[in-house]
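Worksheet: the structure to be examined is printed underneath.
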2 protein chains.
Amino acid sequence: MPNGGVVKSTRRVTIRDVARRAGVSVQTVSRVLNDHPDVSDATRARVQRAIAELHYQPSAIARSLITRSSGVLGVVASGFQFFGPARLLAGIERQATELGWQLMLRVADPSTPEEYDRIAAALIAQHVEGVIWAYPELSSERERAFRAQVETHAPIVFLSMEANPGDAVLSIENRLGARLAVEHLIERGRRHIGIITGPLNLWSAHQRKLGWQDALASAGLPCTELQVIEGDWSAESGCRGLRQLIEQYPRLDAVFASNDQMALGVLHAAHQLGLTVPRDLSVVGFDNVPESACFIPPLTTVHHDLFALGQLAVREMHRVIQARRAGKPAVVSPLMLRPHLIVRESS
Amino acid sequence: MPNGGVVKSTRRVTIRDVARRAGVSVQTVSRVLNDHPDVSDATRARVQRAIAELHYQPSAIARSLITRSSGVLGVVASGFQFFGPARLLAGIERQATELGWQLMLRVADPSTPEEYDRIAAALIAQHVEGVIWAYPELSSERERAFRAQVETHAPIVFLSMEANPGDAVLSIENRLGARLAVEHLIERGRRHIGIITGPLNLWSAHQRKLGWQDALASAGLPCTELQVIEGDWSAESGCRGLRQLIEQYPRLDAVFASNDQMALGVLHAAHQLGLTVPRDLSVVGFDNVPESACFIPPLTTVHHDLFALGQLAVREMHRVIQARRAGKPAVVSPLMLRPHLIVRESS
DNA sequence: CATTAAACTGTGATCGTTCACGGGATTCTA
DNA sequence: TAGAATCCCGTGAACGATCACAGTTTAATG
């Protein structure tokens with residue numbers, strides 16, 4: 001019966017209650033719970049019946065205190081209003097659940113500096129056995145401070161970040177992806193290719209810009225700062241970006257937008273300006289969000305699989321933790337996933 | 001120095017180590033940690049220095065065992081590749097962090113039935129003090145089972161769900177929002193208004209359909225099943241939806257798409273079919289995703305604030321838990337947030 | 001100066017579980 | 001039939017903190 005959420009504040013049913021009811025010791029109940037062999041079938045059945053009758057649920061907290069392993073991974077993420085981070089988080093969650101890990105979620109807001117200390121402290125307090133740093137950018141010094149705090153307690157995996165030597169970073173090849181996109185524009189005969197970047201303090205945004213430069217340089221095409229506008233991932237910034245770009249670089253005949261949302265903004269602005277895509281202007285995006293196939297016109301874009309990256313991160317973490325429990329030293333091995341181009345009608 | 005993530009497996013620094021170093025009892029250290037008054041300034045300083053020198057981090061796990069309060073809320077969510085759930089989760093996280101709660105995240109995949117039992121068990125095992133059920137739909141019977149398991153341990157808040165009497169549900173007024181959208185189309189002179197719904201087993205999708213019916217009925221306009229297509233929230237389904245709609249109801253002069261992504265699909269299909277929006281066809285969406293202002297044409301849509309809803313949910317949970325700690329019974333009070341219409345050029 | 005209150009600090013039990021160890025009953029081997 | 005081996009089960013300590021209670025010193029009061 002619905003009771004409006006009134007909780008009876010009864011004491012929690014413990015292993016002791018089960019033991020009493022089954023007429024055995026707590027240790028025997030513990031053995032049943034953990035599938036240890038040294039229990040006769042008869043007592044095992046009795047204990048299991050008591051467990052069911054009392055609706056007993058073991059306490060992971062008490063267990064992790066004594067076993068010194070919590071079964072919890074910490075995830076530091078942010079910006080899941082964006083497609084990438086959301087997919088990443090989904091992949092992490094899926095794999096974690098499959099391998100039996102719980103997830104403690106923190107959202108890092110890169111604004112305040114001492115917040116990272118608080119996050120580290122909170123994760124350590126919760127006895128997380130591993131930390132997955134998903135997406136939020138870290139300056140080198142902050143990263144060092146964070147690692148110094150956390151790493152004596154738990155290994156860390158960094159995702160989509162700059163890889164300093166020795167870092168455990170998993171990522172997609174942003175630079176390659178951008179190069180593929182721009183090379184494609186060049187193949188289609190475009191010669192004056194601008195870029196709208198993400199926030200350039202972000203490593204991934206910076207890498208995509210480098211990929212754009214790579215492609216232009218090796219084709220001997222113009223590559224100046226006049227062709228660059230820094231956006232903020234939002235469609236609106238893509239819209240503004242195109243206007244500015246055309247103003248400061250009128251010969252523009254193609255744009256590489258560093259994500260699909262900004263590409264949408266570019267398409268929008270082009271439409272407003274009376275430019276026909278792709279005749280007057282080619283546009284390529286990055287991310288391959290599901291909607292990009294329904295843009296007007298459908299967007300050529302770079303596909304990458306962040307769901308898989310998230311899964312991979314958890315698997316790596318799992319491997320390392322398991323190995324260490326067995327006493328062997330183990331480190332996360334860095335890895336880069338290759339993106340590929342999806343050609344549609346905007347180019 | 002980067003060391004590839006090698007963890008020194010030293011014993012954790014405990015309150016006892018701090019006590020020894022500061023030359024006081026563990027109780028005194030505990031008092032310092034919890035800001036209890038009965039400590040002289042001199043000892044307090046000595047203890048704090050010891051804490052700093054040893055890099056001591058208290059164990060939330062040990063603490064929650066004895067205090068019987070974990071400081072952890074469980075969140076069951078899914079589908080954060082969509083704008084709504086992502087905003088909801090972001091709001092929940094923000095408010096939780098502000099109020100000092102940790103978040104245990106589970107993603108519910110509505111496919112398997114016994115998974116709900118596992119989720120409930122996991123949450124109880126982790127001693128969560130409250131559960132926020134964010135978005136994933138529950139059948140009445142599954143809900144009952146879940147509540148029966150969890151509610152003796154922790155209060156539950158349901159978000160965006162059907163409210164059975166007595167349920168603690170927070171939501172936005174989906175039905176009203178849809179009615180606003182359709183009434184607007186009627187005001188603009190449209191008479192043959194179709195709808196592309198979300199999956200109709202979802203309460204929110206069903207409510208939006210009812211809102212559409214409300215508006216048509218009170219205006220005395222046609223309202224038949226021929227005007228209805230069931231989508232799946234994706235842009236692609238909106239695209240297909242419009243084609244089918246026109247086929248089975250050729251007089252169509254406006255479409256209410258139950259989210260912005262499907263509205264994008266509608267715009268796309270209209271463009272392909274040579275229809276000009278809004279001249280030949282008016283389109284209204286639902287959600288007001290940031291991109292919708294950059295659709296072609298910019299989308300008229302229903303704005304609602306799921307971030308605020310998430311914050312609210314945590315605040316309610318907080319209130320209830322605090323009250324119960326103080327021994328007073330308290331229940332979550334149901335609440336509905338009003339959405340409003342954003343008029344742009346697609347209508 | 002004795003008495004009482006206030007300020008400060010320590011002791012042992014406790015939360016719910018597993019770990020290390022020990023011991024009795026049963027079966028097997030010589 | 002004695003000895004060892006196997007199976008089964010229980011006892012006390014431990015994990016890292018807080019709680020309830022008690023004790024000791026210092027300051028305030030009559």
Side-chain angles (χ1 to χ4, degrees), chain A residues 9-48 50-51 54-72 121 124-129 153 325, chain B residues 9-48 50-51 54-72 121 124-129 153 325:
Chain A
S9 66
T10 66
R11 203 174 49 78
R12 193 182 174 103
V13 177
T14 76
I15 201 174
R16 210 177 310 269
D17 301 320
V18 175
R20 192 166 17 239
R21 175 135 191 160
V24 298
S25 73
V26 290
Q27 178 63 313
T28 301
V29 177
S30 172
R31 275 192 265 259
V32 171
L33 288 173
N34 297 287
D35 279 326
H36 281 224
D38 288 350
V39 182
S40 73
D41 291 350
T43 31
R44 183 180 301 273
R46 239 185 19 260
V47 169
Q48 270 158 347
I51 287 175
L54 295 174
H55 299 292
Y56 167 73
Q57 298 278 166
S59 162
I61 281 189
R63 185 180 311 203
S64 48
L65 196 56
I66 183 71
T67 61
R68 295 150 163 284
S69 73
S70 62
V72 176
I124 294 170
Q126 297 291 337
H127 293 223
V128 299
E129 296 187 67
H153 295 267
R325 279 183 187 164
Chain B
S9 66
T10 67
R11 201 175 49 79
R12 192 180 175 103
V13 177
T14 77
I15 200 174
R16 211 177 309 269
D17 302 320
V18 176
R20 192 167 17 238
R21 176 137 191 160
V24 297
S25 73
V26 290
Q27 178 63 315
T28 302
V29 177
S30 171
R31 275 192 265 261
V32 171
L33 288 173
N34 297 287
D35 279 325
H36 281 225
D38 289 349
V39 182
S40 72
D41 291 350
T43 24
R44 183 181 302 272
R46 241 187 15 264
V47 169
Q48 269 158 349
I51 287 175
L54 295 174
H55 299 292
Y56 167 73
Q57 298 278 168
S59 161
I61 281 189
R63 186 182 312 208
S64 49
L65 197 55
I66 182 71
T67 62
R68 297 149 162 283
S69 73
S70 62
V72 177
I124 294 170
Q126 297 291 337
H127 292 224
V128 299
E129 296 186 67
H153 295 268
R325 279 183 188 164

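Because the structure is a prediction, the values reported are computed rather than measured. Letters A, B, ... mirror the listed sequences (proteins, then strands); counts begin at 1.
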Point-to-point distance, once rounded to the nearest 0.5 Å, from OG of B:Ser59 to CZ of B:Arg63: 8.0 Å

statement: So, with a heavy-atom separation below 4.0 Å from DNA chain C, the residues of residues 25-48 of chain A are A:Gln27, A:Ser30, A:Asn34

A:Thr67 vs B:Ala62, nearer the 5' end of DNA chain C by closest nucleotide: B:Ala62

Rounded distance (Å) that lies between atom P of C:dC15 and atom CZ of A:Arg12: 13 Å

message: Quick check on B:Arg16: does its CZ atom have over 12 non-hydrogen neighbours (other residues, nucleotides or ligands) under 6.0 Å away?
response: no

query: For DNA chain D, which nucleotides open and close the run of contacts to chain B, 5' to 3', at under 4.0 angstrom from a non-hydrogen atom?
result: D:dG16 to D:dA20

Side-chain donor/acceptor of A:Arg46 to backbone N/O of A:Ala22, under 3.5 Å: yes

message: Contact between B:His55 and B:Val13 at the side-chain level, heavy atoms closer than 4.5 Å - yes or no?
response: no

message: To the nearest 0.5 Å, what is the distance between OH on B:Tyr56 and OG1 on B:Thr14?
response: 7.0 Å

query: In whole Å, what is the span from the CG atom of B:Leu65 to the P atom of C:dT18?
result: 12 Å

task: Rounded to the nearest angstrom, tell me the gap between atom CZ in A:Arg68 and atom C1' in C:dT17.
output: 14 Å

task: Might you work through the side-chain contact (heavy atoms from CB on, under 4.5 Å) test for B:Glu129 and B:His153, ending with a clear yes or no?
output: CA-CA 7 Å; B:Glu129 296 186 67; B:His153 295 268; over 6 Å; no

message: Can you tell me how far apart CG (B:Leu65) and NE2 (B:His127) are? Round to the nearest 0.5 Å.
response: 7.0 Å

- prompt: Do B:Arg11 and B:Asp17 sit within salt-bridge range, that is, some charged N less than 4.0 Å from a carboxylate O?
  reply: yes

- line: Note on DNA chain D: ranges paired as stems (three or more Watson-Crick/G-U pairs in a row, both atom distances under 3.5 Å) are C:4-27 with D:4-27

query: Okay, side chain of A:Asn34, backbone of A:Ser30: is any donor-acceptor separation there less than 3.5 Å?
result: yes

query: Taking all non-hydrogen atoms of both residues, which atom of A:Ser69 and which atom of A:Ser64 are closest, and how far apart?
result: O-CB, 3.3 Å

